[in-house]
Protein chains: 2
Amino acid sequence: MATISDVAARAGVSTATVSRALNGKSTVDPALAEKVREAAAALGYQPNGLARNLRRQETAVLALVISDVENPFFTAIARGVEDVAQTSGYSVVLCNSDENAEKERRYLDVALQERVAGVVLSPTGGGTDVSPLLGRGTPVVAVDRPLDAVDGDQVLVNTKCAADEATRHLIEGGYRRIGCLTGPEGVRTADDRLAGYRSAIADSDTQQETYFRRCELRTAHAKAATLDLLDADAPDALLVVNSTMAIGVLEALRERGLRPGRDVGLVSFDDAPWAALVDPPLTVVAQPAYEIGSIAARLLLDRIADSSRPPEARVLAAELIERGSSHR
Amino acid sequence: MATISDVAARAGVSTATVSRALNGKSTVDPALAEKVREAAAALGYQPNGLARNLRRQETAVLALVISDVENPFFTAIARGVEDVAQTSGYSVVLCNSDENAEKERRYLDVALQERVAGVVLSPTGGGTDVSPLLGRGTPVVAVDRPLDAVDGDQVLVNTKCAADEATRHLIEGGYRRIGCLTGPEGVRTADDRLAGYRSAIADSDTQQETYFRRCELRTAHAKAATLDLLDADAPDALLVVNSTMAIGVLEALRERGLRPGRDVGLVSFDDAPWAALVDPPLTVVAQPAYEIGSIAARLLLDRIADSSRPPEARVLAAELIERGSSHR
DNA sequence: TTGAAAGCGCTAACAT
DNA sequence: ATGTTAGCGCTTTCAA
């Protein structure tokens with residue numbers, strides 16, 4: 001593979017000139033520059049990014065570490081990040097931590113070792129440690145879930161409030177035994193949404209007890225937990241914390257011959273592409289996923305440009321979209 | 001940030017010894033090795049991957065370039081790739097080409113410049129050029145769609161055959177004006193599935209004409225195209241080439257007050273997580289997406305280990321899963 | 001077993 | 001405007 005010296009030799013100039021000509025830095029005699037470009041083209045020269053990055057001590061790539069590639073909420077965030085990164089000349093590499101702290105740690109290590117310019121991260125659980133990144137000066141912005149013990153940039157959703165609102169909506173719909181299906185303890189969104197549910201129930205004068213289950217944020221687990229909840233507590237409505245789990249819930253309901261809305265009221269977080277297509281259409285708490293991603297990327301780029309900026313925490317609003325599954 | 005020389009100084013050894021100790025290469029005196037590890041830990045030493053890669057001329061990362069992160073088919077492939085890469089110590093970075101040849105080219109450039117160890121790619125259209133990668137010795141395996149003009153490793157699905165089978169299934173179901181909604185010309189899967197549809201119709205003695213529309217592989221485009229097809233040709237059944245488009249089709253049907261199955265038979269490619277939940281459940285052609293990914297990764301790793309292996313083309317089978325949408 | 005030293009390919013002072 | 005040169009941080013001969 002041709003190197004910069006090959007190009008220099010062929011064009012009859014120094015490597016420095018080649019570098020300058022190809023990077024459009026400083027001023028180079030147009031004629032020479034042209035010669036260089038010709039030589040580069042003739043040799044099929046492809047700059048070695050590794051060498052360049054090593055020398056420059058920086059990389060034009062952003063790492064995006066998300067907890068589930070198969071969740072449309074996160075892929076929408078990914079698109080948001082990518083779209084703004086793109087326009088600033090950054091590439092973004094997506095790493096799937098799979099709700100697994102160990103995988104997450106590994107990807108964070110890779111990000112550090114590869115000296116990416118910045119990281120957008122949706123932390124899996126409580127124990128995420130980004131201090132090595134921060135220590136080295138690599139900015140990190142948290143999305144969806146906060147990074148505790150770190151006062152950094154973050155883009156979150158007012159999720160407790162949204163859960164409260166969704167629960168009230170079910171109460172108003174006449175449901176009297178509302179349950180909640182949420183994720184593992186320590187996953188902040190799972191905890192917050194459960195808290196929102198609880199506060200709405202506590203405020204109600206139609207329901208005293210709470211009925212909830214925690215399980216992994218996966219379809220199969222959600223289905224099993226729902227079956228269990230159904231059999232044990234016979235709830236007449238359910239608040240579900242994401243669309244992946246909602247699929248499991250719908251499967252469980254079907255298995256028990258229960259119809260969403262009529263038999264069991266249903267509200268789920270995340271307006272998945274299919275949410276309006278099931279029967280009855282699913283009432284959801286829509287989160288502005290794309291915006292979360294684009295804002296996070298913007299925050300990150302801003303901080304890369306100026307590391308002294310004070311940390312910014314953005315909290316976006318979610319929107320309850322009423323459809324058939326929350327009415328009898 | 002601490003470098004290898006800092007560690008060497010602190011441990012009172014040479015940088016060579018540090019490198020050897022930390023990489024477990026060659027033999028190092030256990031006592032010294034321990035001292036080195038201590039020094040490294042004390043300094044919070046994080047090896048600079050850039051420098052290492054530059055020296056080694058290789059990277060333990062695989063690039064996966066897919067055409068749509070929001071399509072569950074591709075995210076399932078991603079999981080397959082990741083799972084096997086993981087076990088061999090490789091990280092995989094996911095790049096979303098977004099069915100956009102320009103973006104794809106950019107990511108392929110990045111992959112080349114960053115000297116990734118290998119690339120798994122689902123080519124957007126016809127014009128994809130991987131020769132720079134290949135020329136430099138970076139192996140590429142194509143998934144879902146072939147790389148024309150290159151005799152390389154690839155993992156495909158016998159998609160024409162599957163489309164033919166799906167169409168016959170509709171014919172047997174008694175549908176007599178079967179249409180097809182497919183992707184842009186040049187997207188091999190779109191062309192093959194259309195061909196499969198055509199061959200089934202040609203073989204039938206119940207239908208002479210074909211009714212089809214091509215549009216971008218997106219929900220909104222699919223909806224518009226379906227509306228158009230419905231109004232112009234009044235098909236009584238539809239074969240749809242992926243689940244993203246199927247959503248648009250279902251929306252269109254609903255808008256026209258047409259019920260899947262009873263009014264318009266429906267078969268879609270890809271068994272999306274929600275496919276069994278819509279009403280009636282969606283008959284699909286399920287592709288072994290996870291296997292496509294895992295096999296592709298294995299092929300890639302094999303080739304990285306031994307570049308002289310003859311190229312291997314694997315063609316997996318798809319499976320028709322009959323559900324309610326293809327019966328009256 | 002260990003160290004000295006070369007060098008991966010590039011960019012950025014510095015000198016001209 | 002261009003060239004010379006040092007050096008980014010690491011691994012790997014080569015010698016000792």
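Order of the sequence lines fixes the chain letters, A, B, ..., with proteins taken first and strands second; residue numbering starts at 1 for each chain.
Under a 4.0 Å N-O distance rule, the pair A:Arg145/A:Glu99 qualifies as a salt bridge.
Residue B:Asn23 places at least one side-chain N or O closer than 4.0 Å to OP1 or OP2 of D:dT11. Note on B:Thr3: every side-chain N or O is 4.0 Å or more away from OP1 and OP2 of D:dG9. In terms of phosphate contacts, B:Arg52 brings a side-chain nitrogen or oxygen within less than 4.0 Å of OP1 or OP2 of D:dT11.
When rounded to the nearest whole Å, the span between CE of B:Met1 and C1' of D:dC8 equals 15 Å. A:Leu22 has its CG atom 14 Å from the P atom of D:dT2, to the nearest Å. The distance from atom CG of B:Leu50 to atom C1' of D:dC8 is 9 Å, rounded to the nearest whole Å. Residue B:Arg20 contributes atom CZ, which lies 8 Å from atom C1' of D:dT12 at whole-angstrom precision.
The nearest heavy atom of DNA chain C to B:Arg55 and to B:Pro30 marks one nucleotide each, and the one closer to the 5' end goes with B:Pro30. In terms of position along DNA chain C, the nucleotide closest to B:Thr15 lies nearer the 5' end than the nucleotide closest to the other residue of the pair B:Leu54 and B:Thr15. Nucleotides of DNA chain D nearest to A:Gln57 and B:Ala16 differ in position, and the one nearer the 5' end is that of A:Gln57.
Although no hydrogens or angles enter the test, the distance criterion places no donor-acceptor pair under 3.5 Å between the side chain of B:Arg10 and the main chain of B:Ala40. The backbone N or O of B:Pro123 sits nowhere less than 3.5 Å from a side-chain atom of B:Thr128 that would complete a donor-acceptor pair.
Using a 3.5 Å distance cut-off with no hydrogens or angles, the side chains of A:Asn96 and B:Glu82 do pair a donor with an acceptor. B:Thr124 and B:Ser97 share no side-chain donor-acceptor pair at under 3.5 Å.
Nucleic acid contact for A:Leu32: sugar-phosphate only, since backbone atoms but no base atoms lie under 4.0 Å from a heavy atom of the residue. As judged by a 4.0 angstrom heavy-atom cut-off over every strand, A:Asn53 is placed among residues making no nucleic acid contact.
Put simply, the side chain of B:Val143 does not reach to within 4.5 Å of the side chain of B:Leu156, judged on heavy atoms.
Chain A approaches DNA chain C within less than 4.0 angstrom (heavy atoms of the protein), and the contacting nucleotides run 5' to 3' from C:dG9 to C:dA13.
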Name every donor-acceptor pair, under 3.5 Å, that has one atom in a side chain of residues 291-301 of chain B and the other anywhere in the protein, sequence neighbours excluded.
| from | atom 1 | to | atom 2 | distance (Å) |
| --- | --- | --- | --- | --- |
| B:Ser294 | OG | B:Tyr290 | O | 3.4 |
| B:Ser294 | OG | B:Glu291 | O | 3.2 |

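Taking 3.5 Å as the limit, the base of D:dG9 and the side chain of A:Arg115 contain no donor-acceptor pair of atoms between them.
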